[in-house]
Protein chains: 2
Amino acid sequence: MAHSDGLTLESIRNSLIRQEDTIIFSLIERAKYPIIPQLYDSRCSVLPGISGSLLENIVRETEAIQAKYGRYQFPEEHAFFPDNLPDSLVPPNSHPQVLHPAAASININKTIWDMYINKLLPLIASKGDYENHTCVAASDLECLQALSRRIHYGKFVAEVKFKDASEEYSPAIQAKDRDALMKLLTFESVEEMVKKRVEKKAKVFGQEVNLTNDAGNGKCKIDPSVLPCLYGEWVMPLTKHVEVEYLLRRLD
Amino acid sequence: MAHSDGLTLESIRNSLIRQEDTIIFSLIERAKYPIIPQLYDSRCSVLPGISGSLLENIVRETEAIQAKYGRYQFPEEHAFFPDNLPDSLVPPNSHPQVLHPAAASININKTIWDMYINKLLPLIASKGDYENHTCVAASDLECLQALSRRIHYGKFVAEVKFKDASEEYSPAIQAKDRDALMKLLTFESVEEMVKKRVEKKAKVFGQEVNLTNDAGNGKCKIDPSVLPCLYGEWVMPLTKHVEVEYLLRRLD
């Protein structure tokens with residue numbers, strides 16, 4: 001069903017499907033590099049006057065620039081270090097707000113950061129060194145932002161699902177019944193299909209293509225089975241977590 | 001032939017081939033967005049106290065952070081705005097210098113910037129608006145950095161070719177004969193092969209993959225014929241330009 005704001009479940013699904021490609025490209029690119037302890041562990045940092053890990057510092061400072069130029073004025077973008085961001089120079093956008101204002105209080109990037117560094121990275125890279133740490137950090141930021149956008153898109157998913165069936169969701173929201181909401185939001189057959197699709201995409205996009213091999217036969221730059229694991233264990237559960245958090249505030 | 005510094009034509013070729021994937025991924029991602037006049041044209045800027053285009057400002061400030069954390073200490077990386085970059089906090093790397101010191105004076109990023117904005121972008125996107133300009137700028141920066149790295153890799157190509165056949169190159173270098181150097185560096189059959197390979201890669205990586213279509217049959221997110229054009233018209237000629245500039249200084 002189309003709403004006055006133009007948001008439909010179909011348009012959201014198309015965006016989520018396109019975002020799969022972005023996530024997979026970013027992970028294939030990240031898999032070029034090893035896991036560099038000096039980048040992730042503040043105890044390994046060798047830089048004077050820096051607290052926190054090198055990645056934290058690079059992400060925080062890059063986010064500050066992006067905030068200044070308006071990145072976080074849009075409800076699909078969430079900073080990993082939202083405190084003390086500079087004000088935006090860009091005038092506030094005048095488009096009608098699609099989401100309930102309480103959406104702004106939901107940011108699970110700490111969980112996403114932890115999942116990415118401690119669970120996902122070890123599945124696509126091994127410990128090692130690559131001299132230019134800044135290039136690796138830029139690649140990490142690409143992955144983190146792609147995952148964060150995908151997972152926080154749950155706010156839009158929840159809004160459309162709520163508008164399409166508010167009488168179904170309202171009792172569970174009023175009862176603050178997370179389990180009931182989670183059940184309403186879960187479609188196992190759809191989740192299985194998503195897991196199969198992202199695995200197929202990783203096989204296609206990750207292959208080494210040359211002029212003599214057939215498409216589909218190239219060696220893969222990333223283990224395709226990482227993708228259904230990423231989606232099944234983290235991306236889809238965290239998206240639903242965002243959806244539940246949003247719905248719990250939807251009638252405030 | 002392997003040199004004492006571990007640099008071989010084979011290892012450089014492998015890097016160039018892998019960089020094709022990075023460039024194609026970045027262009028497919030950029031093709032999601034339109035060409036936004038306010039991002040590229042300083043006359044369209046609406047931000048107070050900002051001179052230059054929005055993209056110039058975002059790139060300059062992002063490069064300043066990356067410089068601080070050491071990105072430009074490595075000879076494969078070149079800033080688009082190299083003036084007034086902050087000093088690096090990272091201690092200088094202690095690896096043996098592979099390139100002749102004169103390499104540092106070669107930076108053709110102004111040409112690459114101009115080619116990217118005025119020639120390449122119109123081949124992959126149309127004028128339009130997308131609200132979050134900062135996201136588009138980040139995508140532009142990915143493309144620009146990938147192209148810049150690829151083209152300036154010509155310094156390494158030239159160094160290895162020179163070491164492998166210095167008696168062949170030295171007379172043309174001493175005579176400052178650019179045409180003779182360009183001839184020595186040009187292998188048309190290799191260039192044709194590269195153009196075919198990048199077109200094939202764009203077909204494979206740009207396709208829309210779903211569970212019902214066969215790999216190779218999906219609609220493409222980017223016109224694959226843009227890639228042989230990009231490589232034939234700009235990437236390979238500019239790489240050879242870098243090679244010639246490097247060789248002209250190689251005996252200084």
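Just so we're on the same page: letters track the sequence lines, and every chain starts at 1.
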Open item on the list: Let's test your reading of the structure: which of B/R18, B/H133, B/K201, B/R197 forms the most heavy-atom pairs below 4.5 Å with chain A?
Closed with: B/R18
Task: Pairwise side-chain contact, B/D87 with B/K68, heavy-atom cut-off 4.5 Å (strictly under) - done: no
Task: Which portion of A/I17 sits near chain B, non-hydrogen atoms under 4.5 angstrom - done: neither
TODO: Pick one of side chain, backbone, both or neither for A/I28, based on which atoms fall under 4.5 Å of a heavy atom in chain B.
DONE: both
TODO: Look at the rings of A/H152 and A/H78 and say which category their plane angle falls in: under 30° parallel, 30 to 60° tilted, over 60° perpendicular.
DONE: parallel
Task: A/E20 portion near chain B, given a 4.5 angstrom heavy-atom threshold - done: neither
TODO: Provide the closest heavy-atom pair for B/L123 versus B/C229 in the form atom of the first, atom of the second, distance.
DONE: CD1-SG, 4.1 Å
Task: Option in B/E77, B/E142, B/Q73 with maximal non-hydrogen atom pairs under 4.5 Å from chain A - done: B/E142
Task: chain B contact via A/R149 - which portion, at a heavy-atom distance below 4.5 Å - done: side chain
TODO: Would you confirm whether A/T239, through its side chain, and A/V235, through its main-chain N or O, come within 3.5 Å as a donor-acceptor pair?
DONE: yes
- [ ] Below 4.5 Å from any heavy atom of chain A, which atoms of B/L54 appear? Answer side chain, backbone, both or neither.
- [x] side chain
TODO: Just give me the residue among B/M193, B/Q66, B/E131 that pairs up with chain A most often, heavy atom to heavy atom, under 4.5 Å.
DONE: B/E131
Open item on the list: Using modelled atom types and a 3.5 Å cut-off, is there a donor and acceptor pairing between side-chain atoms of A/R150 and backbone atoms of A/G154?
Closed with: no
- [ ] Would you tell me whether B/S139 and B/K32 have side-chain atoms, one donor and one acceptor, within less than 3.5 Å of each other?
- [x] no
